[in-house]
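Here is the structure we will look at, set down as C-alpha cells.
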Amino acid sequence: MDKLRIIGGRALAGEVRVSGAKNAALPILCAALLTEKPLALDNVPRLMDVRTMAKLLAQMGVEVGAQNDGRMELQAKGIKEPVAGYEMVKTMRASVLVLGPLLARCGRARVSLPGGCAIGARPVDQHVKGLQAMGADITVERGYMNAAAKRLRGARIAMDMVTVTGTENLMMAATLAAGTTLLENAAREPEVVDLANCLRSMGAKIDGAGTDTIRVEGVASLAGAKHRVMPDRIETGTYLAAVAATGGKVRLTEAAPDTLEATIEKLREAGAKITACGSEITIEMTGRPRSVSLTTAPYPGFPTDMQAQLMALDCVGQGTGTITETIFENRFMHALELQRLGADIAVHGNTAVVHGVERLQGATVMATDLRASASLVVAGLVAQGETLIDRIYHLDRGYEGLEHKLAGLGARIARVR
Ligand code: EPZ
C-alpha cells in the first residue's frame, strides 16, 4: 500500500496550478445522463473519484472518452443498465448523484444506499424525499433504492437541512420534469453553481443557483454542451494552509479566489499575507502562525472540507484555537493522528481545543479520510524529521498529483511503496 514520506521543516516557494474541482466534476459527469448528445468537458481533474464515476457511467452504457489533459467527452445515447451497485457506491458516496438524472432520463433506477463513511452516517433521506415529491416511487430493500417515475413533475421542495449533493441531485432531476420545481433551503456552494451553469449550457432553465432558493422550469429534452470545470477551492485552500504552516511564498494559478473567501480570511487572521488578482492567489508567510478559532458552516461559511487542514495549522499556532464542526458528526479523526506528531488537542464532542506547540515531531501516521489525509500532509511538512503517512489512497481520491505539486514547491516529499 502506497505511503507518503515527508521530511518537514522547509519553507515552500514557487508556483503551482490549481486543478479542476472534484466536487464540481462529479455531479457534472452525471449530467451527461440527461441527454443523448455529447457533453465535452475541460479541466477535469485526474482523480480516483473521477475514474470511479466514469467507470460507473460506462457500466450504465454511457460512452466515456479517455481523459487526456483535462478533457473528457461523455455521451449517453442510450442507458442500458440504470444501476449503481453496492461495490461501486460503497467506495464513493457521490455515486448517489446518478439517481436524479436516471429517473429524469429513463424513469427508473436501482441505486445502492451509500452506507456510512468515516466522517459520519451521511444518509440520503433528503434526496429520496425530494424525488418522491416530484412523483417518483422509491422503495428501499436489501440496501438498494428502487426508483421509478413515468415522468417527474415539478414540485416545491423545502429541504430539512442544507445538502450539497441533495441539491444537485434534485436540480438535475428537475431539469426534465413536467412543470416548475422550487428547491428551498438549497445549498449555495460554488460547485452547485458550476453544475447549474453546465446544465444551462445544455438548455436547462435554472434560476437562483448560488442562493438558498433554486427555480427550475422543466424542458422536454437537453442538448449536448461544452463546459470547463471550475477550479478546486478546497485544493486551493489546502495549499494555502500548507504555506501558512511552513512559511514561504507561493503563487497559485488558475484558481477562483472568490470561491474561498472564508478560508482566505481565516488564513489572514493567522498572519498570512494573501493577495488575489484575477485567477491568481499569492500567499506569503514568515514565522509561526497565530492560532485561529473557527466553526464550520454551509457556504459561504467556513467549509467543513478545510477544517482538518486548519487544525493542522493550529497545532503549531501561537496560542490556542477552538475548532467546532457542525456539518458532520465524526470529522475529528485526524486529531488522534496529529497527536502522534506531538500536537496538543483536546476533543469534546464536536469541538476541538488546540494548544499550539513550538515544534511537531515527525512520526508514522495513518490517513482515515480524504481531508484528514491532507491535514497530516500539512503537519508533516512543518514537523521536524520524517513523517510517514499510510493509506494515502484516501488522498488520491481528491488531490491531483499532490506529491509532485508539493515537491515542485520545494517540499521533501515522495511516494514510497
Ligand atoms: C458534499 O457532500 C461534498 N461531497 C463533501 O465533500 C462536503 O464535505 C459536503 O458536501 C459538505 O460541504 C461532494 O460534493 C461530492 P451534504 P454531501 O449532503 O453532499 C446531512 C470532500 O471531502 N444529510 O451537504 O454528501 C449529512 O449527513 C467531501 O470532498 C442528511 O442528513 O454532504 C451531513 O451531516 C467530504 N440527509 C449534512 O447533511 C441527506 O439526505 C451535509 O451533508 C443529505 C445530507
Side-chain angles (χ1 to χ4, degrees), residues 19-31 45 47-50 52-53 56 89 91-100 111 113-133 138 140 145 157-172 183 185-195 212 229-230 232-238 259-260 262-263 296-309 325-331 333-334 350 367-375 394-400 402:
S19 299
K22 167 178 85 80
N23 291 349
L26 294 176
I28 287 169
L29 260 68
C30 297
L47 300 170
M48 196 152 76
D49 274 9
V50 169
T52 302
M53 186 64 88
L56 174 61
V89 175
T91 64
M92 186 184 62
R93 64 172 274 108
S95 309
V96 72
L97 283 164
V98 300
L99 182 58
V111 175
L113 283 168
C117 78
I119 61 177
R122 302 185 73 184
V124 290
D125 55 295
Q126 300 297 307
H127 301 236
V128 171
K129 191 185 109 177
L131 290 167
Q132 287 171 331
I138 301 182
V140 176
M145 293 180 279
I157 303 165
M159 283 177 273
D160 298 339
M161 85 285 298
V162 173
T163 158
V164 175
T165 50
T167 301
E168 292 166 343
N169 229 339
L170 298 176
M171 183 167 70
M172 287 192 279
L183 295 179
N185 199 17
R188 300 166 54 187
E189 270 67 6
E191 292 77 16
V192 173
V193 176
D194 202 34
L195 171 63
D212 61 3
V229 174
M230 67 173 277
D232 193 313
R233 62 191 170 101
I234 304 300
E235 183 199 24
T236 306
T238 302
T259 62
L260 64 150
T263 301
T296 63
Y299 194 87
F302 188 88
T304 174
D305 291 349
M306 279 302 305
Q307 178 256 108
Q309 298 90 312
E325 171 59 57
T326 67
I327 307 293
F328 292 109
E329 63 270 28
N330 184 33
R331 204 170 195 178
M333 278 168 304
H334 41 283
N350 70 340
T368 50
D369 62 85
L370 172 56
R371 306 304 174 182
S373 326
S375 138
H394 290 291
L395 267 177
D396 296 336
R397 296 188 51 173
Y399 288 94
E400 185 179 56
L402 181 95

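It should be emphasised that the depicted structure is a prediction, and the values quoted were computed from it without experimental measurement. Indexing begins at 1, ligand by ligand and atom by atom, following the structure's order.
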What are the two closest non-hydrogen atoms of Met230 and Ala24, and how far apart are they?
CG-CB, 3.8 Å

Pairing residues for Asn185 by the side chain to side chain donor-acceptor pair (under 3.5 Å) criterion, not counting sequence neighbours:
none

With sequence neighbours left out, the residues meeting salt bridge (charged side-chain N to carboxylate O under 4.0 Å, His left out) with Arg371 are none

Close residues (non-hydrogen atom under 4.0 angstrom from ligand 1) work out to Lys22, Asn23, Arg93, Ala94, Arg122, Pro123, Val124, Asp125, Gln126, His127, Met161, Val162, Thr163, Val164, Thr165, Thr304, Asp305, Ile327, Phe328, Arg331, Leu370, Arg371

Which residues pass the side chain to side chain donor-acceptor pair (under 3.5 Å) test with Asn350, not counting sequence neighbours?
none

Determine, step by step, whether Glu325 and Thr296 satisfy the side chain to side chain donor-acceptor pair (under 3.5 Å) criterion, reporting the C-alpha distance in whole Å, the side-chain angles of both residues, the deciding distance to 0.1 Å, and the verdict.
CA-CA 5 Å; Glu325 171 59 57; Thr296 63; 3.2 Å; yes

Taking atom types as modelled and ignoring hydrogens, do the side chains of His127 and Asn169 form a donor-acceptor contact shorter than 3.5 angstrom?
yes

